[in-house]
Each structure stands twice: as structure tokens, then as C-alpha cells.
Amino acid sequence: MTKKCTTLGLEPSFGFGDRTGLATPGHVAAMKRCGEGITAIFPQQSIREMTRTQRTPEGVMADAMQAAEAAGWDGPIGADADHLKVNNDVDITAAAGFTFFTIDPSDDVDQKADDYDESTLREKFSSARDTAPWFDSYLGKSIELSTGSTIQLDEQACMRAAVKYGAAIARALKLGDYIRQVNEKAGQDYEIELSVDETDQPTTLSEHYIIADQCLKGGMKLVSLAPRFIGDFEKGVDFKGDLAALEASLADHAAVANLLGPYKLSLHSGSDKVSMYAALARTTAGKFHVKTAGTSYLEALRVVARHDAAAFRGIIDFSRDRYETDKATYHVSATLADAPTTDQADDATLESEYLEMWADVPQGKGFTKPGRQILHCTFGSVLTDDKWGKVVRDCLVAHPETYREVLDDHFGRHLDALRSGM
């Protein structure tokens, strides 16, 4: 492998996850055509995805880097070791040459914290107090943001932050320190993203401030932070919610990031969130990171739909059978009743209902069809199935130009929307 991955710092960046190992030529095509001013992360995979697709960090790295070189990419390339939870995750991804380490402390977040009444909150706080040695240092502080908003760190806000995130912050700092040790020992440059987006409730400005401030004071090389934003960021479909309210909230979160860091604001589940990309780019003044993954798998299925309609029908049937089980770890709202069964629709309707067509989507919007979520959540089951995994791979290998073209079109729209706000 001739080229090595690098750190990207505060440059605007876009992560292209690839669950098949065959998507990079299309990702490069979109970046060459529409990605001016944005840096690329081609090797990007979470430990969870690698487990589900039976891939290794070395394999993910080799597939992406060799394809990028073959496609003539000469810009810098970042590499995202996504959703790291334990030391071994760091060991195996650092050894493979990853440079951007995403810490996921979600297992230690109290997901119900926002719902506790005062007495429950006080009771929970008394047992969480030891995980939040920082509590007194924030109590009573008031922070004016450049947007005109004020963060009031009153007792309630600080207690809730301690209960919800105290243990998670401690976990993140510990793993961040291990990432530093491993990379310094290997003589490798590195950067860290913190993911606190996998929660049911949005991250408040108070929580964002305390989390980031603690990480930075603890010496973490924080380049990017992914809060849980307001509205719905479901897998495989566009943003659901009030865009004006989201833009105002993004501006406040960006102000916190500038005040403490600066560091980038990161959007996870970024696939297909086309309608809010301009707002993200605008409010962060280009200090953003967007992470996508499952949408490249859905475009792989589009290749199957166009070249082997019978196989696409089979994959839909298989995915519908797996959906209720596989959706457990994903934020989705689609039900099986929301999309037709294969005996109810012709081939064109099935592509339209399960993958959607850009011709049917208004300019500046992303896909919204529920059928996409049924296929999205079941990628691991399909790709590791003896029959269907081989069908998908064989189809992509037989029709590389189709895959490159649909990915170029798909991500070109993502990148254009981001650049419209820069």
C-alpha cells in the first residue's frame, strides 16, 4: 500500500462507510466531481459493522486504500475507527493504520435521565456523585454564547449531566488516554471524535459544554464531537423535524465548540440527511464532519435491482424476515406494513418503495421511504448469508460501472448540499 492515511484536523470532512469493500470507486468519483473544499475519509467502519460483515480492520483499510489509489485519488485520506468501546478495539484499528478514533461511551449513559422527577434525580445523583468529581466546579456558572444564548449551569442541569453522562465521561477519558498511549508508542499521529449521539434524548447545551470541557481538560485530542441533535435522525432516511429549530440549535452547539475548542460538530447517521446539510455547514462555518455508511449498501442493492430483479425480490423477502430482529440496535420507525410485499408489486415499484428514486424527490431533500429502513437494518444478515451475500458481491463485481455511477450520483447530491452552506 503506497499511501498512508493522515489526520484531517479541523478541515470539513465526509466519511464514506463501505460495508461491501467495493464502494470506494464511487465514493472517489463523487468527491472528484462535487467534493471541492471537503476532505475524505474512505476507510471507515465501526467494530459493530465489522462484526456483522465478518471483515477486519486490515481488510477495510486495504479495500479502501487500494481502490482510492486505483481511482486516481491524490488528496489526503482520513481513516475512521468508528464506535470504539474497549482497549482491544483501539489495538486492532491502530495496528491497521486508522488515524481518526471515534469513542462511543453510550453503554455508560443513563438513557432515562431526562425523565427523572426531582426526587428521583437527587436519589440517582447521590449514587452517581463519585463518577462526577467535576460537579462543584460547574455549579452556578453562566456561559454567554456568541449566538446570544446563555447556558445556565444550575443545580438541576449539573445533576442531570452527572447522572446521564458522569460514567460515560470517565469511560471516554480512560479510552482517550489509551488511544494516546497506543499511537504515541507506535509513533503515529491521531485524532479523536467523541460520540454521544446514540441516546434517546437530545444533548443539552449544558451537557455538551460539560462533556467537551472535561474531555479537553483531561488532555483528550478532541477534533470532533457528535451530540444527539434535536429532531429525528433515523437510519436510511432524511431528517425528520423542524429545520428552522434545528438550525438555531446547531448554531448554539457550534458556538460551544468554538468557545471550548475549536472542534468540529459531527453528524452521525448522516446518510440521506440532505435537507439539513446546508444548515450544518452554515452554522459551523465549515467545521463539520458527516458520517455515512448504510446508504452505500442500499446503493449496492440498487445495482442488484437493476441487473437481477429476481434476486432483489429474494433479498427483500429475506430482509423482511430478519427486520424485527435486526432493527433492535437501530433508530428506525418503519414497520413491515409500511412497504409492499414482493407479491404485491412489480419490479419498478419495488425499487421505488425500497430504495426510492431521485427523480421522485424534490430538490434539496433526501429519501424518506420506510422500505429503505427494512433493507438498511438487515445488511449484516444479507451480506453474511451464504446465498444472498454471494449474490450481492457477484453482482457488484460483474457491474462495477453501475455501482460507481449510482454512488457518484447519490453522494454528489450529499456533497452539493453541504457545499451550498459553506
Side-chain angles (χ1 to χ4, degrees), residues 15 46-48 80-86 89-90 100-116 124 128 131-132 134-135 138 151 153 157-179 191-218 220-235 246 249-250 252-270 273 280 284 287-291 293 329-331:
S46 69
I47 299 297
R48 179 171 68 191
D80 182 2
D82 195 14
H83 287 291
L84 307 174
K85 297 190 175 193
V86 295
D89 297 344
V90 178
F100 182 89
F101 295 84
T102 302
I103 297 174
D104 174 10
S106 58
D107 292 347
D108 289 310
V109 174
D110 184 335
Q111 297 278 4
K112 300 187 177 69
D114 290 3
D115 299 329
Y116 297 144
K124 294 278 182 187
T131 68
W134 41 260
F135 178 81
Y138 294 107
I151 301 175
L153 293 174
C158 290
M159 281 198 302
R160 221 173 276 283
V163 170
K164 189 173 177 182
Y165 287 116
I169 292 170
R171 162 81 66 109
L173 281 166
K174 203 170 169 187
L175 197 58
D177 198 48
Y178 188 72
I179 291 167
E191 52 198 0
I192 289 177
E193 171 167 285
L194 181 62
S195 158
V196 291
D197 69 302
E198 296 215 343
T199 58
D200 297 333
Q201 290 129 332
T203 310
T204 66
L205 294 176
S206 305
E207 291 160 356
H208 178 168
Y209 183 90
I210 290 171
I211 291 165
D213 193 46
Q214 278 302 297
C215 288
L216 291 164
K217 280 179 175 159
M220 186 184 290
K221 195 175 175 185
L222 187 72
V223 78
S224 179
L225 187 137
R228 164 72 162 86
F229 298 116
I230 62 169
D232 266 324
F233 290 82
E234 294 188 18
K235 298 291 186 184
L246 176 67
S249 176
L250 285 169
D252 282 340
H253 280 290
V256 175
N258 274 324
L259 179 67
L260 292 175
Y263 48 84
K264 296 189 277 198
L265 271 194
S266 184
L267 172 63
H268 290 195
S269 299
K273 306 298 182 288
L280 177 69
T284 59
K287 287 196 280 290
F288 63 78
H289 177 60
V290 173
K291 201 172 296 217
T329 52
Y330 289 107
H331 181 45

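All values reported here derive from a predicted model rather than from experimental measurement.
Checked options Leu194, Ile211, Asp197, Leu265; the residue passing with Pro227 is Leu265 (criterion: side-chain contact (heavy atoms from CB on, under 4.5 Å)).
Listed by chain and residue number, Asp80, Asp82, Thr102, Glu193 satisfy the side-chain hydrogen bond (donor to acceptor under 3.5 Å, both in side chains) test with Lys291 (two or more places apart in sequence, or in another chain). Remark: Tyr138 engages Asp213, Gln214 in a side-chain hydrogen bond (donor to acceptor under 3.5 Å, both in side chains) (not counting sequence neighbours). Partners of Lys85 by salt bridge (Lys or Arg N to Asp or Glu O under 4.0 Å), not counting sequence neighbours, listed by chain and number: Asp104, Asp107. Listed by chain and residue number, Asp189, Tyr190 satisfy the side chain to side chain contact (heavy atoms under 4.5 Å, CB included) test with Lys221 (two or more places apart in sequence, or in another chain). Every residue two or more places apart in sequence or in another chain that forms a salt bridge (Lys or Arg N to Asp or Glu O under 4.0 Å) with Asp177 is listed here: Arg180. Residues meeting the side chain to side chain contact (heavy atoms under 4.5 Å, CB included) test with Asp108, sequence neighbours left out: Ala167, Ala168, Arg171. Residues forming a side-chain hydrogen bond (donor to acceptor under 3.5 Å, both in side chains) with Glu207 (at least two apart in sequence, or on another chain): Lys164, Thr204. Every residue was checked against the side-chain hydrogen bond (donor to acceptor under 3.5 Å, both in side chains) condition with Thr199, not counting sequence neighbours, and none meets it. For Ala170, there are no side chain to side chain contact (heavy atoms under 4.5 Å, CB included) partners, not counting sequence neighbours. Under the rule for a ring-ring contact (aromatic ring centres under 6.0 Å, His included), Tyr165 has no partner lying at least two apart in sequence or in another chain. Listed by chain and number, the residues in a side chain to side chain contact (heavy atoms under 4.5 Å, CB included) with Lys174 amount to none (sequence neighbours excluded).
Expressed to the nearest 0.5 Å, how far OH of Tyr330 lies from CD of Glu198 amounts to 9.0 Å. Annotation: the span from Ile103 atom CD1 to Cys215 atom SG amounts to 7.0 Å, rounded to 0.5 Å. Atom CD of Glu191 and atom NZ of Lys264 lie 6.0 Å apart (nearest 0.5 Å). For the atom pair His83 NE2 and Asp89 CG, the distance stands at 11.5 Å (nearest 0.5 Å). Of the inter-residue distances, the one linking Leu260 atom CG with Leu216 atom CG reads 6.5 Å to the nearest 0.5 angstrom.
Leu250 is not listed as a side-chain neighbour of Thr284, based on a closest heavy-atom distance of 4.5 Å or more. You'll find the side chain of Thr203 stays beyond 4.5 Å of the side chain of Tyr209, heavy atoms only.
Closest heavy-atom contact between Leu246 and Ile230: CD1-O, 3.7 Å. Considering all non-hydrogen atoms of both residues, Phe100 and Ser224 come closest at CZ-CB, 4.2 Å. The two residues Gly218 and Leu173 make their nearest non-hydrogen contact at CA-CD2, 3.8 Å. Nearest heavy-atom pair across Leu225 and Leu222 is CD1-CD2, 4.3 Å. For Trp134 against Gly166, the heavy-atom pair with the smallest separation is CZ2-CA, 4.3 Å. The minimum heavy-atom distance linking Phe229 with Ser266 is given by the pair CE1-O, 3.6 Å.
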As a quick check of understanding, evaluate side-chain contact (heavy atoms from CB on, under 4.5 Å) for Ile47 and Val86, giving each step before the final call. CA-CA 10 Å; Ile47 299 297; Val86 295; over 6 Å; no
Going through the distances and angles, do Val196 and Val109 end up as a side-chain contact (heavy atoms from CB on, under 4.5 Å)? CA-CA 9 Å; Val196 291; Val109 174; 5.7 Å; no
Starting from the C-alpha separation in whole Å, work towards a yes-or-no answer on side-chain contact (heavy atoms from CB on, under 4.5 Å) for Ser195 and His268. CA-CA 8 Å; Ser195 158; His268 290 195; 3.5 Å; yes
Intermediate values then yes/no, side-chain contact (heavy atoms from CB on, under 4.5 Å), Leu175 and Phe101: CA-CA 10 Å; Leu175 197 58; Phe101 295 84; over 6 Å; no
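Taking the six-membered ring for Trp and thresholds of 30 and 60 degrees, His208 and His253 have nearly parallel ring planes, at less than 30 degrees apart.
Applying the salt bridge (Lys or Arg N to Asp or Glu O under 4.0 Å) test to every pair with at least one member in residues 224-235, sequence neighbours left out, gives these pairs: Glu234-Lys240.
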